[in-house]
Number of protein chains: 2
Amino acid sequence: MFIEIRYLRSLQAISNSRSLADAAQQLHITQSALSHQIKAFENYFETPLFFRGRKPLKLTPAGERMVSLAENILPQIVQAEYELKRISGGELGRLHITIECHACFEWLMGTLGSYRKNWPDIEVDLRMGMSFDAISALAQGDIDLVISSDPITTDGICFEPLFPYEGRLVVDPEHNLAGKPFVQPSDLADQTLITYPVPRSKLDIFQYFLTPEGVEPKAVRHAELTAMILQLVASKRGVAVLPDWVLYESTISGQLCSLPLGEQGLHGMLYAAVRKSDTQLSFIQDFINLASLAVTTNGMPLSTGTQCPKIGC
Amino acid sequence: MFIEIRYLRSLQAISNSRSLADAAQQLHITQSALSHQIKAFENYFETPLFFRGRKPLKLTPAGERMVSLAENILPQIVQAEYELKRISGGELGRLHITIECHACFEWLMGTLGSYRKNWPDIEVDLRMGMSFDAISALAQGDIDLVISSDPITTDGICFEPLFPYEGRLVVDPEHNLAGKPFVQPSDLADQTLITYPVPRSKLDIFQYFLTPEGVEPKAVRHAELTAMILQLVASKRGVAVLPDWVLYESTISGQLCSLPLGEQGLHGMLYAAVRKSDTQLSFIQDFINLASLAVTTNGMPLSTGTQCPKIGC
DNA sequence: TATAAACATGAATTCTCTTCATAATTATTA
DNA sequence: TAATAATTATGAAGAGAATTCATGTTTATA
């Protein structure tokens with residue numbers, strides 16, 4: 001491969017000049033340099049590029065072929081350089097998000113809607129229920145942001161807090177637990193528990209509430225969608241544990257009741273995990289900012305992540 | 001403009017390698033060279049091209065953008081280089097022909113038919129009746145070959161003889177000149193002469209026969225097509241002067257008669273004019289060879305150009 | 001934790017491109 | 001047509017950039 005960008009630029013300049021000397025001036029090189037350059041090219045391909053000694057400089061077919069190549073290629077390169085500059089400036093980029101927590105889908109759609117308006121040139125994508133480990137996929141560069149309630153200190157990964165949440169038991173208003181101030185692990189031993197179809201290790205209710213006490217529900221059923229879980233609970237097919245932001249609408253309308261898990265309640269924090277190298281990108285920061293304000297009560301943010309510590313940053 | 005072909009090749013190699021070292025090997029440079037190269041690129045665009053320290057090497061979006069650029073551009077360059085080599089090898093080229101002599105159209109179409117089979121990758125084009133000077137257009141590179149009976153010694157232009165021809169007077173079989181052994185200038189003073197619509201200086205009949213004797217035909221009419229001229233003569237609307245190769249068919253079938261102009265006849269030679277720089281190209285030589293054999297009588301070439309001198313070569 | 005693999009870095013070298021000065025060629029003008 | 005101007009070509013020297021070499025640093029794997 002002999003052709004270089006330089007030759008393309010030279011041929012293009014020559015094609016709209018009356019002489020080599022003119023073209024050289026356009027290119028900000030000496031006439032000699034251009035002459036050497038063209039000669040090297042002609043020697044390599046063993047064909048002249050222009051007719052010598054003609055008043056208006058005229059390209060040979062070989063020269064014209066090079067010009068057409070230049071006219072194809074140079075604009076593509078200009079465009080690519082422009083995009084690279086925009087990538088480095090954080091105007092253009094990719095935000096592939098994975099959510100480990102199913103219930104996050106509820107607020108994330110709203111957040112993404114307004115985010116897309118702010119960042120029309122960021123390629124946003126969302127993938128749920130990944131089979132592989134989301135955090136290592138993040139580290140590998142397969143995805144760019146993970147919404148997780150389970151910060152695992154990982155090299156090169158930073159967990160930015162979004163907002164705290166409380167996992168609450170959801171029951172139908174006529175359920176015998178409905179009136180209680182809080183629920184104890186043993187209360188669930190004779191209940192059907194409805195969960196998202198994920199490993200128990202990913203479910204706070206098992207990891208922090210039931211398993212430590214050795215309690216096993218009467219039955220465990222799965223549902224993929226939050227709306228479906230709520231409907232199943234409302235129709236008395238079982239109880240569920242969901243984060244408070246999901247329950248706000250259902251409970252104030254009296255369709256469902258929720259109560260804390262244990263006297264203290266089961267509290268957690270939602271994080272956005274990103275690569276450390278991406279934390280300074282404004283389109284990442286803005287997403288985190290928008291996400292931290294996503295869940296509101298009466299128009300006020302439930303809480304902002306700024307009150308809580310970052311992890312691994 | 002910072003991007004160079006080299007970077008495109010490097011990025012492409014990196015994208016199908018498991019490590020920089022592998023890619024460097026593919027590229028036949030050292031790992032160090034590639035590392036320097038990538039670093040320079042990343043410094044310029046202020047954005048990384050791949051994630052460091054990950055087991056399977058992974059490109060950043062910026063890196064992927066470069067790979068897609070490379071995949072667009074490199075094949076185009078390979079193709080262009082291939083075509084340039086073919087141009088210099090004389091396999092690929094352009095043969096734009098201009099005919100100064102209208103009657104040449106008759107045999108040229110046949111010649112071009114077989115020529116195209118021999119040279120499928122030569123871009124053949126034919127232009128008749130140019131307003132400008134064909135020979136200087138040839139010198140300028142606007143066209144590549146001129147069929148002419150009028151060799152003008154011109155710098156850089158070579159006239160290769162094709163075949164001799166005789167300009168003969170064509171009359172209908174019942175014309176009063178039909179039986180004569182030859183025609184004299186004065187015989188035409190009371191005739192209507194039908195010619196191609198070109199300046200008299202381009203017509204042998206005026207330049208070499210009538211004008212030197214101060215004879216003017218009774219009338220001059222024009223017709224663009226040879227077939228039309230023959231038809232006009234056959235229907236007794238006038239007489240014409242045409243080269244012998246046009247008349248062969250019509251005269252043997254007895255539809256028309258032809259007779260020499262003057263006792264010696266009016267003889268000329270047809271030439272193919274080409275740029276000296278093109279004379280060695282085999283697709284040019286082959287065209288000239290085919291053209292010189294174009295006009296035959298009883299399957300034998302009327303005469304070949306090899307018996308006659310080249311001019312200006 | 002040790003060892004291997006992968007990547008980064010600085011200095012020296014090699015190579016290529018450009019410039020400078022000037023020659024040779026071609027076009028224009030008196 | 002000679003003379004002048006314009007254009008292109010060329011050789012040598014200089015500048016600049018890419019590569020290599022040798023080695024350091026970091027990251028992964030046994």
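Chain A is the first sequence line, chain B the second, and so forth, proteins listed ahead of strands; every chain is numbered from 1. All values below come from the heavy atoms of this structure, side chains included, with hydrogens, waters and symmetry mates left out. Quick caveat: nothing in here was measured; it's all calculated off a predicted structure.
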Revision key, fill the gap. By side chain to side chain contact (heavy atoms under 4.5 Å, CB included), B:Arg18 pairs with (sequence neighbours left out) B:Asp22
Check your understanding: Do B:Gln76 side-chain atoms and B:Asn72 backbone N/O form a donor-acceptor pair below 3.5 Å?
Key -> yes
Exercise for review: Return the value, rounded to whole Å, for the distance between atom CD of B:Glu42 and atom C1' of C:dC7.
Suggested key: 11 Å
Practice item. Could you state the atom-to-atom distance from CG of A:Asn43 to C1' of D:dT8 in whole Å? Key: 15 Å
Exercise for review: Would you mind reading off the distance between B:Phe41 atom CZ and D:dT19 atom P, rounded to a whole angstrom?
Suggested key: 14 Å
Practice item. Provide, to the nearest angstrom, the distance between the CG atom belonging to B:Leu27 and the P atom belonging to C:dC7. Key: 13 Å
Revision key, fill the gap. Expected string for nucleotides 17-26 of chain C under the B/S/- scheme (protein heavy atoms, under 4.0 Å, primed atoms plus P, OP1, OP2 as sugar-phosphate) is SSBBB----S
Practice item. Would you kindly give the CG-to-C1' distance between B:Leu49 and C:dA8, to the nearest whole Å? Key: 15 Å
**Study point:** Any pair counted as salt bridge (Lys or Arg N to Asp or Glu O under 4.0 Å), so long as it reaches residues 63-82 of chain A, sequence neighbours left out
**Key:** A:Arg65-B:Glu83
Study note, to complete from the structure: Quick note, salt bridge (Lys or Arg N to Asp or Glu O under 4.0 Å) partners involving residues 23-38 of chain A, not counting sequence neighbours, are none
What protein N or O atoms touch nucleotides 2-4 of chain D N or O atoms at under 3.5 angstrom, if any, and at what distances?
none

Check your understanding: Can you name the residues that form a ring-ring contact (aromatic ring centres under 6.0 Å, His included) with B:Phe45, not counting sequence neighbours?
Key -> B:Phe2, B:Phe41
Check your understanding: Does a side chain donor of either B:Thr279 or B:Gln285 reach within less than 3.5 Å of an acceptor in the other side chain?
Key -> no
Review point. Does the side chain of A:Ser17 pick up a donor-acceptor pair with the side chain of A:Gln26 at under 3.5 Å?
Key: yes
Review point. Got a salt bridge between B:Asp142 and A:Lys58, using NZ or NE/NH1/NH2 to carboxylate O under 4.0 Å?
Key: yes
Exercise for review: Report yes or no: is the cationic atom of B:Lys202 (NZ for Lys, CZ for Arg) closer than 6.0 Å to the six-membered ring centre of B:Tyr196, at no more than 45° off its axis?
Suggested key: no
Study note, to complete from the structure: Rounded to whole Å, the CD-C1' distance (A:Gln140 to D:dT27) equals 13 Å
Exercise for review: Indicate, with a heavy-atom threshold strictly under 4.0 Å, whether B:Ser19 touches base, sugar-phosphate, or nothing.
Suggested key: sugar-phosphate
Review point. How close or far is atom P of D:dT19 from atom NZ of B:Lys39, stated in whole angstroms?
Key: 15 Å
